[in-house]
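Please read the structure below before turning to the comments.
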Amino acid sequence: MKKKLITILLAASMAVSALTGCGNSSANSGSDKPAAETVTGEEANQEANTADAVLKDGEMSEILMVWPGSNASPASLQEVEDAMNEMIAQKADAKVKLQIIEWGAYGDQLNLMLSSGEKLDIFMGIGGIREAGQRGQLYDISEDIKVYAPEAYRTMERYINACYFDGALYGLPNYRDMAAQAGLICRKDILDETGFQAEDIKTMEDVEKVISKVHELHPDMYPLIPSDLTSGCFLNYVKGQFDVIAAGVGVDMKDDPSDGVTIINTYDTEQYRAMAEAAYEWNKKGYFMPDSTTNSTPRQDILKAGNAFGYFGNYHPGIVTQETMNTGMDIAAIPITEKSLSTESVNFIEWVVAGQCEHPQKALAVLNLLYTNADFQNLFRYGIEGVDYEVKDEAKGIAGYPEGINGSNVGWGNEMWLSGNAAAGYAWETDPEDVFAKYSEFNDTAALSPLYGFIFDTTKVKNEITAISNVTEKYKAIIENGDAEPADSLKAFNAELKAAGIENVISEMQTQADAWLAEKK
């Protein structure tokens with residue numbers, strides 16, 4: 001299978017010029033990235049020989065690879081696993097065992113696997129990576145990666161620089177939308193019925209007009225459903241307005257760092273209050289799916305059932321293809337909020353190596369294939385060629401469904417942001433041919449957080465963060481779903497946050513941020 005040169009170049013040099021400073025964290029955090037080393041040809045040969053000796057040791061090792069999905073047992077699971085193992089055998093004496101955990105159970109089951117020490121090698125880490133590393137649940141790959149996954153390291157290096165925590169590196173960031181932006185993601189057929197054109201929908205006021213029309217045309221349909229499990233329908237309403245660094249504490253994106261920054265409780269701002277009031281009004285009008293905050297059905301499955309219009313969620317290049325494949329329906333996506341880039345938006349999602357992994361070097365060899373080998377990437381993302389996908393245009397690197405196959409009956413499929421480095425493989429037929437370049441542009445043109453590159457050391461406020469998490473779990477979702485009158489619920493929310501110690505977190509973050517900014521001058 002021909003590897004498309006442009007995708008390799010894009011993946012290796014996605015200039016993300018805004019990322020130049022990533023990883024330059026506060027001295028207080030102790031998380032500076034080690035200085036880059038120059039590797040000579042002789043050293044490279046020595047590293048290659050070392051890698052070969054470890055990877056081809058004559059002992060077959062099983063690597064358990066775990067990630068979330070909407071279907072834990074897709075039809076092509078065994079065939080994909082077998083095909084991956086044929087490719088792995090050429091590089092290492094190892095084979096993978098694939099395990100998909102359904103979204104609703106992923107967090108709990110993964111935490112159980114990590115805490116029990118049971119078999120687990122590489123998995124998709126979504127948030128809490130630093131904390132898991134501090135607990136010893138992740139393997140520091142900072143030394144091994146350049147020996148056992150050198151191509152993957154070079155491919156993702158600009159992004160890896162934002163992923164060091166306390167000097168340790170636990171995994172590889174995914175090639176995806178690093179910038180954060182939200183918008184209306186909805187069924188195109190219903191949008192067409194309303195008479196509104198996507199290009200005319202620019203604000204939340206415009207979104208409300210569309211939702212109101214949908215409610216009028218289809219009174220039995222949920223106009224909006226939650227984007228995430230057990231969350232409110234307005235979870236993403238203020239996306240792009242704040243860089244939330246820890247426990248709801250962060251900085252306003254419009255803060256000018258040239259004269260310092262002001263660390264704030266983002267839940268005690270006019271922007272959050274406006275969201276709460278809008279959520280309350282929309283919910284009263286019947287625009288939100290009832291019981292959103294206790295919902296355990298993924299949005300894709302709700303849309304597949306045909307009784308929902310859409311959701312307010314993450315917008316990025318490729319979102320139309322992602323949700324079309326997930327639902328089997330024609331999808332429209334309309335950006336609404338501002339677009340921003342923060343340190344956490346880069347390092348929040350990574351393929352990481354578990355602390356209990358018995359063969360971390362072989363696990364890295366598997367990740368090296370995922371991030372750099374076109375055939376391996378296409379296999380992991382799309383499945384079996386001729387069954388789950390087919391090549392539509394080899395020269396342009398375009399794939400699509402075979403005749404009679406769509407998102408509702410395909411035997412395999414992973415979303416781009418879960419696939420490591422999707423730019424190593426084919427683009428999908430519903431995406432523009434230059435979709436990977438569009439991802440680079442999307443990231444490059446985002447507003448940079450005034451604290452981009454800063455990583456907060458939570459050591460002194462761990463107890464407060466735990467207490468704040470409990471308070472947030474109590475209030476956040478119901479406020480963002482309009483299930484409580486804002487004047488009372490916001491007052492109670494912030495009173496309990498204060499009692500939990502949020503002012504201590506603000507003070508500690510302010511001290512570290514001031515020191516970090518002073519070092520940059």
Describe, in one word, how the ring planes of Tyr389 and Tyr382 are oriented to each other, choosing from parallel (under 30°), tilted (30 to 60°) and perpendicular (over 60°).
-> tilted

Should the ring pair Trp412 and Trp67 be called parallel, tilted or perpendicular, given that the plane angle runs from 0 to 90° and is split at 30 and 60?
->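 It falls in the perpendicular class, over 60°.
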
Using 4.0 Å as the upper bound for N to carboxylate O, is an ion pair formed by Asp121 and Lys97?
->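 Salt bridge flag = no for Asp121 with Lys97.
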
Could you tell me whether Lys476 and Glu480 make a salt bridge, using a distance below 4.0 angstrom between a side-chain N and a carboxylate O?
-> yes

Under 6.0 Å from the [atom1] atom of [X], do we count more than 12 heavy atoms belonging to anything else shown?
X	atom1	result
Lys339	NZ	yes
Glu390	CD	yes
Lys56	NZ	yes
Lys438	NZ	no
Asp330	CG	no

Assess, by modelled atom type and distance only, whether the side chains of [X] and [Y] contain a donor and an acceptor separated by less than 3.5 Å.
X	Y	result
Thr321	Asp431	yes
Thr327	Lys304	no
Tyr170	Gln137	no
Gln377	Asn373	no
Asp388	Ser76	yes

Would you mind reporting whether [Y] and [X] have side-chain heavy atoms less than 4.5 Å apart?
X	Y	answer
Pro402	Ile405	yes
Met84	Met65	yes
Leu138	Ile129	yes
Val461	Phe456	yes
Val391	Glu385	yes
Phe312	Ile336	yes
Leu98	Val80	yes
Tyr371	Asn174	yes

Considering residues at least two apart in sequence or located in another chain, which fulfil the ring-ring contact (aromatic ring centres under 6.0 Å, His included) criterion with Tyr237?
->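 Result, ring-ring contact (aromatic ring centres under 6.0 Å, His included) vs Tyr237: Phe234.
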
Using modelled atom types only, decide if a donor and an acceptor are shared between the side chain of [X] and the backbone of [Y] within a distance under 3.5 Å.
X	Y	answer
Asn368	Leu364	no
Asn295	Thr230	no
Asp393	Lys396	yes
Asp93	Asp57	yes
Asn409	Asn406	yes
Tyr315	Ala180	no
Asp301	Thr297	no
Asn326	Gln322	yes
Gln356	Met113	yes
Asn347	Phe165	no

Which pair of heavy atoms, one from [X] and one from [Y], lies closest together, and at what distance?
X	Y	result
Leu341	Asn443	CD2-O, 4.3 Å
Ser345	Arg176	O-NH2, 2.6 Å
Met124	Ile349	SD-CG2, 3.4 Å
Ser227	Leu235	OG-CD2, 3.9 Å
Asn481	Ser292	OD1-CB, 3.5 Å
Gly104	Leu229	CA-CD1, 3.3 Å

Stepwise side chain to side chain contact (heavy atoms under 4.5 Å, CB included) check, Leu169 with Cys163 = CA-CA 6 Å; Leu169 180 68; Cys163 298; 3.9 Å; yes

Working to the nearest 0.5 Å, report the span between [atom1] of [X] and [atom2] of [Y].
X	Y	atom1	atom2	result
Leu369	Asp375	CG	CG	10.0 Å
Lys95	Glu86	NZ	CD	13.5 Å
Phe309	Ile302	CZ	CD1	15.0 Å
Met178	Thr343	CE	OG1	12.0 Å
Leu172	Thr155	CG	OG1	9.5 Å
Glu62	His359	CD	NE2	10.0 Å

Decide yes or no on side chain to side chain contact (heavy atoms under 4.5 Å, CB included) for Leu224 and Leu184, but give the supporting numbers first.
-> CA-CA 9 Å; Leu224 285 183; Leu184 177 64; 4.0 Å; yes

Determine, stepwise, if the pair Ile100 / Asn71 fulfils side chain to side chain contact (heavy atoms under 4.5 Å, CB included).
-> CA-CA 7 Å; Ile100 306 170; Asn71 183 356; over 6 Å; no

Partners meeting side-chain contact (heavy atoms from CB on, under 4.5 Å) with Glu441 (sequence neighbours left out) | Thr445

Once ring-ring contact (aromatic ring centres under 6.0 Å, His included) is applied, what residue pairs with a partner in [range] remain, sequence neighbours excluded?
range	value
residues 86-105	Trp103-Trp417
residues 70-92	none
residues 114-133	none

Are Trp428 and Tyr401 near enough that their ring centres are under 6.0 Å apart?
-> yes

Looking at residues at least two apart in the chain, or sitting in another chain, which of them share a salt bridge (Lys or Arg N to Asp or Glu O under 4.0 Å) with Glu118?
->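 Checked Glu118 against salt bridge (Lys or Arg N to Asp or Glu O under 4.0 Å); zero matches.
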
Quick one: is the NZ or CZ of Arg299 closer than 6.0 Å to the six-membered ring centre of Tyr311, and within 45° of its axis?
->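 The answer is yes; both the distance and angle limits are met.
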
Decide yes or no on side chain to side chain contact (heavy atoms under 4.5 Å, CB included) for Phe380 and Ser419, but give the supporting numbers first.
-> CA-CA 7 Å; Phe380 182 80; Ser419 301; 4.2 Å; yes

